[in-house]
Amino acid sequence: MAGEPQDDCLFCKIVAGRIPATVVRETDTTLAFRDINPQAPTHVLVIPKAHHKDAAALAAAAPDVAADVLRETQAVAEEEKLDSYRIVFNTGSGAGQTVWHAHAHVLGGRGLQWPPG
Ligand code: AMP
Ligand code: ZN
């Protein structure tokens, strides 16, 4: 069912505390933690605690939580003192999505090229 924890989901395991993560922020509905393979000096993932497979599914099933995730990306950027940053939701394997639990990448601390690869 939408939103229910999935036994085989890495990010559900992080939410449950079964896999460690470097948590930088937490709210009732979201968790923000450092990416294990950072692509920029600041690379934080913001996720809904509930399981949704991607950003589109999250927005459709729980728009309030989708808004919480976006609000938290801004809070992370402020805490990390980022003037400029990029929020990325890879959606689908062709776009590089490898974890099927919605997550926003917050990237900053270096120049970011546009268009991205
Ligand atoms: P994506 O490729 O957009 O699905 O993003 C998944 C991200 O999760 C990648 O940037 C990975 O480096 C990151 N990742 C994978 N395992 C972990 C972990 N245990 N803790 C933190 N980040 C992780
Ligand atoms: Zn999950």
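Not measured: the values here are computed from a predicted model. Counting starts at 1 for both ligands and their atoms, in listed order.
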Check: Say you draw a straight line from NE2 of His43 to CZ of Arg110; how long is it, rounded to the nearest 0.5 Å?
Finding: 9.5 Å

Next item on the list: Compute the angle centred on the Zn ion (ligand 2) spanning SG of Cys9 and ND1 of His101, and express it rounded to 10 degrees.
Entry: 110°

Next item on the list: Report yes or no: does a heavy atom of Gly96 sit under 4.0 Å from some atom of ligand 1?
Entry: yes

Check: Is there any N or O on Ile19 that sits under 3.5 Å from an N or O of ligand 1?
Finding: no

Next item on the list: Answer yes or no: does an N/O atom from Ile36 fall short of 3.5 Å to an N/O atom of ligand 1?
Entry: yes

Next item on the list: Considering only non-hydrogen protein atoms, determine which one is nearest to atom 1 (P) of ligand 1 and report residue, atom name and distance to 0.1 Å.
Entry: His103 NE2, 3.1 Å

Notebook entry, point to check: Centroid-to-centroid, Phe11 to His103, below 6.0 Å?
Noted result: yes

Next item on the list: Please identify which atoms of ligand 1 are closer than 4.0 Å to at least one heavy atom of Phe11.
Entry: 8 (O)

Check: Is there a side-chain contact between Pro5 and Lys49, using heavy atoms and a 4.5 Å cut-off?
Finding: no

Check: Is there side-chain contact between Asn90 and His105, with at least one heavy-atom pair below 4.5 Å?
Finding: yes

Check: Where on Asn90 is there a heavy atom closer than 4.0 Å to ligand 1, on the side chain, on the backbone, on both, or on neither?
Finding: side chain

Check: Hey, is Phe89 one of the residues with a heavy atom under 4.0 angstrom from ligand 1?
Finding: no

Notebook entry, point to check: Which distance, rounded to the nearest 0.5 Å, do you find between the OG1 of Thr73 and the CD1 of Ile87?
Noted result: 3.5 Å

Note to self: Under 4.0 Å from a heavy atom of Asn37: which atoms of ligand 1 are those, numbered in the order shown and with their elements?
What the structure shows: 12 (O)

Checklist line | His105, any N or O under 3.5 Å of ligand 1 N or O | finding: yes

Item checked: Residue His52, metal the Zn ion (ligand 2), N/O/S under 2.8 Å -> no

Checklist line | Which residue and heavy atom of the protein sit nearest atom 4 (O) of ligand 1, plus the separation | finding: Thr98 N, 2.7 Å

Next item on the list: Run the salt-bridge test on Glu78 and Arg25 with the 4.0 Å N-O cut-off and return the result as yes or no.
Entry: no

Notebook entry, point to check: Any side-chain donor-acceptor pair under 3.5 Å between Thr91 and Asp54?
Noted result: no

Checklist line | Distance filter under 4.0 Å to Phe33 heavy atoms, resulting ligand 1 atoms | finding: 21 (C)

Note to self: A side-chain contact here means heavy atoms from C-beta on lying under 4.5 Å apart; do Leu107 and Val88 qualify?
What the structure shows: yes

Notebook entry, point to check: How does Leu10 reach ligand 1, by side chain, by backbone, by both or by neither, if only non-hydrogen atoms under 4.0 Å count?
Noted result: side chain

Check: To the nearest 0.5 Å, how far apart are CG in Leu45 and OG1 in Thr30?
Finding: 12.5 Å

Margin query: What protein heavy atom lies closest to atom 11 (C) of ligand 1? Include the residue and the distance to one decimal.
Written below: Asp35 OD1, 3.4 Å

Checklist line | Close approach of Gln39 to ligand 1, heavy atoms, under 4.0 angstrom | finding: no

Check: Do Val44 and Asp35 have side-chain heavy atoms sitting under 4.5 Å apart?
Finding: no

Item checked: Angular separation of His51 ND1 and Cys12 SG about the Zn ion (ligand 2), given to 10° -> 110°

Notebook entry, point to check: Which atoms of ligand 1 have any heavy atom of Arg34 under 4.0 Å away?
Noted result: 21 (C)

Margin query: Before you tell me yes or no, could you show the steps for Thr42 and Glu80 under side chain to side chain donor-acceptor pair (under 3.5 Å), namely the whole-Å CA-CA distance, both residues' side-chain angles and the distance that decides it to 0.1 Å?
Written below: CA-CA 7 Å; Thr42 291; Glu80 299 283 320; 3.2 Å; yes

